[in-house]
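Residue numbers start at 1 and run along the sequence shown.
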Amino acid sequence: MGRHSLPDADRAGTADPRIRARRRNVALATALVVTVAGGTAAALHGSLFSLGGSCRDDAVHIAVTASPDIAPALRAAAADARAKNVTADGRCLDVSVSARESYEVADALRSGKKSEAQVWVPDSDAWVQRVTGTSAATQVTSLGNVASSPVGVAMVPSAARVLGWPTKTYSWTELAGTALRDKGLSLGATDPARSSTGLLALARLSAAASRVKGGDVQAAAMVKTLARHTSDDDAKLLDSLPRDSSGPARSDSRRNQALILSEQAAFAHNTAADGDDDLDLFYPTDGAPLLDYPYTLVDESDLSTDESRAALRFMTLLAEAAPRQFLRKSGFRTDAESPSDTLVTEAGGRYPQPYAHLLAEPSSKDVLQEALGMWTITMESARITTVVDASSSMAEPLPGGHRSRMDVTKESLLQALATFTSEDEIGLWKFSTKLDGHKDYRVLVPTERLGDVKGTRTQREKLASAFRSLKPVPHGATGLYDTTLAAYKAAVASYAKGRFNALVVLTDGVNQDPGSISRSDLVTELQKLADPERPVPLIAIAVGPDSDQREVDQIARATGGSGQRVNEPSQIHAAMLRAITAAGTVTPN
């Protein structure tokens, strides 16, 4: 950031002071830029960035890639800047804005691909987090937010009136629960793997459900319901509404009467010249997640001084009165908690709907990964073999209680089992040392479809019984390496096309079998077995204070998986969901 400097402190900042107070403070970022730049006093007093006048030199070209919903407003602001001869360092500011889905840009940047754009404006900071969490990714630097839009539930008027809109208010789980119970009210959403709106809502639903007894099962049911009515983007989602207001159209089970939608998308639909019936918008009482549109520099170290300063100029320009009007006219908030009455009304909101009640903090990266993990195993049937450490150390009690590591591990496995469908294939191994002759492992339940029936019991019932009967082996050591290799060979050999295939290994210690394969040889063998065309990521979960996350992570990454560390077994389920998400984005070493 050393080459940057910004003049006119009263112009600096973001279009939304409340967003920056809750997330990144652009004024602070700007101050940092000025501080580290050094020697900027002359620039500050010399109208470095001026409005008006003619362009004396050639223009500075800046390419911006933006989320399709905000791209038109940014394009209008850029055209206005050209018309008014806005300059940076005496050179015209020439900004071009292209629209591209945020997930597509994030995927490209995560893979390390170079971008032709100097600035990226996705619809959510969640995509920036996704890029910055990968070491091989192209560098991105988020400086602040240019606009915002809360996420709520939009309904056709007939459905909204049945639910008591606008007087009656609902929480997220109440709105989703209504859709689950009422067969005449189908709830549509955008794909959380592709859409911030779908992802943020899913994370909120999952978090809310997790606070009640049986919440994991309830959350899984919600995900399954949403999965049946999912669209790739807002345009396709809005196309799923009834074609007209006739009775047959309203009762068509293929059509959605309710949509998880941003306020801006509802505004755009309702104000469209050729739009159908206006939607009514519910704002959940437990807080609306926010699309926050972070202004992000791409590969900053490769930008020239002119490009860096021009990119910063365009950011500060968007905080000024005239450009903010373009954002407001497109349905975006420039003050998150104090939107205009016109915006809320046009989007379908009415008092006393809590349209200013936003989440105090955005969902963390871990929470978003867990939500995506649940989505992955719901949308794509899974084939997962679980390998559980049964060494004697699993009998040790957890701090502050009487339950052992194994007791809580079993509870967590049963909890995870409840979230899988009858189509999923799950199996169970346990390991210690010399459990079966010279083998350190034993297959307790072969990996098969949970709904299959053999004898008098289903596969699910057999697994539940096997989980409950797991016991630590007295004086048993940890035969981690040989077990991992054998289980991975079996998982690769039984690969099921069209499913999410994975091997999950849970251990509370390091390898204690002196006669086993070495760690380096194990990694080499796993790399040979891993096939990108038939991916079987190893998800290794290190449980407790005696485990070594670096070791399990090194082993897992050889297959395109990842190693997770949990402080206690009760965190296993969440760790599995995070790892399932990560498995789709990690390349075997």
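Counting heavy atoms from C-beta on, the side chains of Val105 and Pro122 never come closer than 4.5 Å.
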- Audit row: Asp508, Ser391, side chain to side chain contact (heavy atoms under 4.5 Å, CB included) steps and yes/no: CA-CA 9 Å; Asp508 75 337; Ser391 59; 3.7 Å; yes
- Message: One pair to check against side chain to side chain contact (heavy atoms under 4.5 Å, CB included): Ser392 and Val473. What are the steps and the verdict?
- Response: CA-CA 5 Å; Ser392 59; Val473 177; over 6 Å; no
- Task: Under the side chain to side chain donor-acceptor pair (under 3.5 Å) rule, what do Ser262 and Thr197 come out as? Steps first, then yes or no, please.
- Result: CA-CA 7 Å; Ser262 73; Thr197 304; 4.9 Å; no
- Message: For a side chain to side chain donor-acceptor pair (under 3.5 Å) check, start with the C-alpha distance between Thr524 and Asp521, then their side-chain angles and the critical distance, and finish with the verdict.
- Response: CA-CA 5 Å; Thr524 299; Asp521 287 344; 5.1 Å; no
- Message: Working note: Arg130 + Leu368, criterion side chain to side chain contact (heavy atoms under 4.5 Å, CB included); need CA distance, chi angles, decisive distance, verdict.
- Response: CA-CA 10 Å; Arg130 195 162 172 80; Leu368 294 176; over 6 Å; no
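Between Arg565 and Asp553 there is no salt bridge, since no side-chain nitrogen of the basic residue lies less than 4.0 Å from a carboxylate oxygen of the acidic one.
In this view, Tyr441 and Trp429 satisfy the ring pair (Phe, Tyr, Trp, His ring centres under 6.0 Å) rule, not counting sequence neighbours. Shown here are the ring pair (Phe, Tyr, Trp, His ring centres under 6.0 Å) partners of Phe431, two or more places apart in sequence or in another chain: there are none.
Arg383 places a side-chain N or O within 3.5 Å of a backbone atom of Ser494 that can act as its donor or acceptor partner.
Contact detail for Leu290 and Leu200: the closest heavy-atom pair is O-CD1, 3.7 Å. Between Ile517 and Leu522 the shortest heavy-atom distance is CD1-N, 3.7 Å.
A donor-acceptor contact closer than 3.5 angstrom links the side chains of Glu551 and Tyr481. In summary, the side chains of Ser364 and Asp366 do not present any donor paired with an acceptor at a separation below 3.5 Å, with no hydrogens or angles considered.
One finds the CG atom of Asn511 at 7.5 Å from the OG1 atom of Thr478 (value rounded to the nearest 0.5 Å).
Between Val298 and the choices Thr141, Thr138, Val131, the side chain to side chain contact (heavy atoms under 4.5 Å, CB included) rule is met once, by Thr138. Tested against Asp299 for a side-chain hydrogen bond (donor to acceptor under 3.5 Å, both in side chains), the candidates Lys114, Gln139, Gln118 yield a single pass: Lys114. Applying side-chain hydrogen bond (donor to acceptor under 3.5 Å, both in side chains) to Ser196 and the options Asp125, Asp123, Thr190 leaves one that passes, Asp123.
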